[in-house]
Amino acid sequence: MTEDVTSADEVRQGKLRLLEALLFASADPLDEETLAGRIGPEVGALLERLRADYAPRGVHLVRTGAGWAFRTAADLAPILRQEEEVSKKLSRAAIETLAIIAYHQPVTRAEIEAIRGVVTSKGTLDILMEHGWIRPGRRRETPGRPLTWITTDHFLDHFGLESLRDLPSVEDLRAAGLLDSRPVLLGLGASQDDAPTPGAADSQDE
Amino acid sequence: MTEDVTSADEVRQGKLRLLEALLFASADPLDEETLAGRIGPEVGALLERLRADYAPRGVHLVRTGAGWAFRTAADLAPILRQEEEVSKKLSRAAIETLAIIAYHQPVTRAEIEAIRGVVTSKGTLDILMEHGWIRPGRRRETPGRPLTWITTDHFLDHFGLESLRDLPSVEDLRAAGLLDSRPVLLGLGASQDDAPTPGAADSQDE
Amino acid sequence: MTADLFGADPGPEVDPGQLLLVLDGFEGPLDVLLVLGRDQKVDLTRISILALADQYLAFIDEARELRLELAADYLVMAAWLAYLKSRLLIPEPEDEEPSGEDMAAALAFQLQRLEAMKTAAQALFARPRLGQDVFARGAPEDIDIRRKSVYEVTLYDLLRAYGDHRKRQEGGVLRIQPVRLYSLEDAVRRLSDLLGHMPDWATLASFLPAEEGSLLTRSAMAAHFAATLELAKAGQVELRQDSAFAPIFLRRATRDGSD
């Protein structure tokens with residue numbers, strides 16, 4: 001009887017160690033499905049256990065997007081910080097565009113332009129995509145079928161977000177009605193033509 | 001008195017966490033001297049403490065020739081390595097061929113060569129097929145009945161596309177900055193016409 | 001929330017003159033309006049659109065006085081704001097058009113939305129970032145348990161490859177941007193005007209416009225030279241060149257044809 005309990009514990013302990021090693025070996029997040037393939041269906045509980053084990057340590061187990069990864073603790077950032085290379089600094093346009101895609105996704109380029117009031121210059125969407133932060137989403141089923149843009153799991157990982165719900169102030173902005181991506185005015189930026197629906201504005205671009 | 005002890009403990013705990021994070025994030029083993037510079041002279045004792053903490057876990061702190069590093073536990077190696085695969089870089093020719101098949105499918109090999117302007121080596125299509133990104137489609141009902149190539153569902157899966165319709169169009173690529181075909185007319189003074197906003201230059205492309 | 005987003009930092013007081021100095025730093029007219037709006041030191045939900053329109057129109061006037069080249073969208077915004085202003089000042093006609101109040105509210109909303117996104121962008125980039133504040137395992141071990149992706153190819157790589165390919169294909173299709181050149185007609189008109197103020201011989205070079213840009217300068221030289229020939233043919237100027245490659249002199253033709 002006692003032996004059985006011990007052996008079940010040992011199996012569990014072994015799985016925990018394997019899970020830990022798998023996550024530790026990888027620099028990129030591993031999704032739960034992949035891990036379940038190696039560990040078994042109890043991986044969810046084991047991940048929570050591991051997260052709790054590491055919570056007080058200098059390395060944390062974090063959930064980001066679809067996956068899990070070990071990352072240095074966020075509170076150590078001031079000591080560990082490495083300044084970004086100057087060449088990698090993003091333009092203001094790129095930073096704002098990323099925020100708009102993150103908060104308004106899926107969002108068309110015409111909508112981004114309506115929000116910013118300027119056309120999107122080169123070196124904006126392509127740079128964000130090169131960083132692996134955004135990717136094309138589904139086409140909008142409106143006239144012209146414009147392409148939409150969405151953020152990636154790597155975006156969540158990079159900014160330490162578990163999900164899009166954790167975007168700063170996202171609920172407040174939604175409640176305030178500020179996540180409406182409709183073009184509003186004539187004469188502003190990309191939506192110069194009369195655009196009663198968002199789709200109509202997009203169709204100009206496609 | 002008790003307070004002093006607590007605070008000394010906290011300092012020690014903080015140093016232990018920093019040590020852990022430094023070792024975790026470093027690409028190379030860190031030697032004790034370097035660590036002492038960040039942590040303090042007690043680093044030796046802290047390293048031993050950390051080694052003991054991790055001894056039963058799936059990750060070990062090991063001393064290598066040059067210094068200290070975290071490694072997955074040696075006893076797990078056989079299980080971990082079971083599916084070890086080295087990721088490879090795909091050649092430029094292969095990526096371009098894949099892109100052309102994706103955009104022009106169904107497309108024959110002769111057509112791929114006509115589009116690329118170079119002969120496609122046998123190995124290129126083989127690699128793409130082996131990887132499950134492309135497969136033969138229907139034969140073209142023209143003399144010689146050449147085989148056509150099309151992309152697979154795995155292709156969509158790998159690149160996170162829901163359907164082929166979600167591939168960005170040439171116009172989308174241009175708008176995103178991934179395709180800039182405007183030649184630079186050096187010395188023609190055309191740049192004088194550039195408006196102060198970066199976007200103005202783009203609008204000529206729309 | 002609203003107060004946090006919009007009331008926190010009204011920013012320094014900006015007058016249109018100062019704004020012009022940093023025109024390059026703006027991301028279009030809406031961005032300018034936002035900076036002007038912050039200058040009112042109220043939260044954007046209570047902003048005076050009428051005052052904002054006046055500020056913006058003053059800004060555009062000043063830019064024009066300084067002969068700064070403004071992109072078309074700045075002027076479109078100015079025209080739109082002038083229209084909005086008239087709609088706000090005169091009684092609303094009973095028709096289908098949106099009312100001035102509605103238009104003003106829509107503009108205020110757009111400014112709030114842009115401000116919200118700017119604030120959100122700051123909050124986002126203030127977060128601990130991977131590779132800068134938070135770090136992944138520095139020495140990942142070569143164990144890829146995700147069998148399906150042996151090759152490291154991202155959608156970006158694929159699209160970039162296709163874009164590069166298309167770029168090579170499109171190499172033959174030139175889109176030539178309009179080139180600013182000095183026309184003969186411009187030069188004739190300009191020389192005719194200037195000659196009235198030139199009592200005596202002057203070099204052709206002294207008539208050339210002092211504008212930047214080598215191509216424009218060279219085309220101006222050619223256009224003015226051709227213009228002098230046209231004007232000489234018409235009997236309006238006299239030309240003189242002392243030797244080959246020497247400076248060309250010209251003056252207004254004297255009426256009696258002597259000299």
Side-chain angles (χ1 to χ4, degrees), chain A residues 22 24-28 30-31 34-35 37-38 69-74 76-78 80-84 92-93 95-96 98-100 102-103 114-119 126 129-130 132 135-136 157-161 167-170 172-173 175-178 180 184-189 192, chain C residues 1-2 4-5 25-31 33-34 71 73 76-77 79-81 83-84 103 106-107 109-110 112-148 154-156 159-160 163:
Chain A
L22 285 169
F24 221 86
S26 173
D28 297 320
L30 296 174
D31 63 79
T34 307
L35 290 168
R38 292 297 299 269
F70 277 115
R71 298 286 180 250
T72 56
L76 293 173
L80 296 175
R81 176 164 298 138
Q82 285 175 6
E83 287 308 321
E84 212 177 348
R92 225 177 90 198
I95 290 172
E96 280 178 30
L98 180 62
I100 290 168
Y103 282 81
I115 293 169
R116 299 193 61 233
V118 283
V119 293
D126 55 335
M129 202 176 166
E130 192 175 4
R135 65 184 186 84
D157 191 18
H158 185 90
F159 290 97
L161 299 164
L167 282 170
S169 311
V170 68
D172 295 325
L173 290 173
L178 293 171
D180 183 345
V184 177
L185 287 183
L186 325 181
L188 284 191
Q192 289 183 9
Chain C
M1 183 61 210
T2 313
D4 285 343
L5 273 181
F26 285 106
E27 302 263 351
L30 205 57
D31 208 24
L33 278 171
L34 191 56
D73 48 349
V76 169
M77 176 64 85
W80 190 86
L81 285 173
Y83 173 68
L84 172 60
M103 290 163 67
L107 177 58
F109 168 75
Q110 234 166 335
Q112 288 171 48
R113 185 171 66 179
L114 181 60
E115 175 85 337
M117 283 301 107
K118 284 174 183 288
T119 310
Q122 275 176 17
L124 192 60
F125 279 81
R127 291 186 61 82
R129 290 168 61 188
L130 187 64
Q132 190 180 327
D133 306 294
V134 168
F135 297 86
R137 175 84 191 277
E141 293 165 46
D142 248 350
I143 301 161
D144 190 350
I145 69 164
R146 285 157 305 169
R147 249 215 146 114
K148 47 188 179 181
T154 63
L155 184 61
Y156 176 78
L159 299 180
R160 179 101 253 170

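Letters go in sequence order (proteins before strands), and every chain restarts at 1. Note that the structure is a prediction, hence the values are computed from the model and not measured.
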With a 4.5 angstrom heavy-atom cut-off, could you sort out which part of A:F70 is near chain C: side chain, backbone, both or neither?
->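 For A:F70, the contact with chain C is made by the backbone alone.
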Portion of A:A74 that has a non-hydrogen atom of chain C nearer than 4.5 angstrom =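 For A:A74, the contact with chain C is made by backbone and side chain together.
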Can you name the closest pair of heavy atoms from A:G117 and C:P29 and give their distance?
->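 Closest pair (atom of A:G117, atom of C:P29, distance): O-CD, 4.3 Å.
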Over all atoms of both residues, closest heavy-atom pair of C:L124 and A:F159 =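 Scanning both residues completely, I find the closest heavy atoms to be O-CD2, 3.4 Å.
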Counting heavy-atom pairs under 4.5 Å with chain C, which one of [options] comes out on top?
options                       : value
A:P136, A:P78, A:A93          : A:A93
A:L167, A:T72, A:L98          : A:T72
A:V170, A:I115, A:L80, A:I100 : A:I115

Looking at residues at least two apart in the chain, or sitting in another chain, which of them share a salt bridge (charged side-chain N to carboxylate O under 4.0 Å, His left out) with A:D126?
->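 Listed in chain order: nothing, the list is empty.
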Where on C:L34 is there a heavy atom nearer than 4.5 Å to chain A: the side chain, the backbone, both, or neither?
->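 Neither; nothing under 4.5 Å.
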Less than 4.0 Å between a side-chain N and a carboxylate O, is that true for C:K118 and C:D31?
->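 Judged by the 4.0 Å cut-off on N to carboxylate O distance, C:D31 and C:K118 do form a salt bridge.
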Do A:D31 and A:T34 meet the criterion of a side-chain donor-acceptor pair at a distance under 3.5 Å?
->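 Yes, A:T34 and A:D31 have a side-chain donor paired with an acceptor closer than 3.5 Å.
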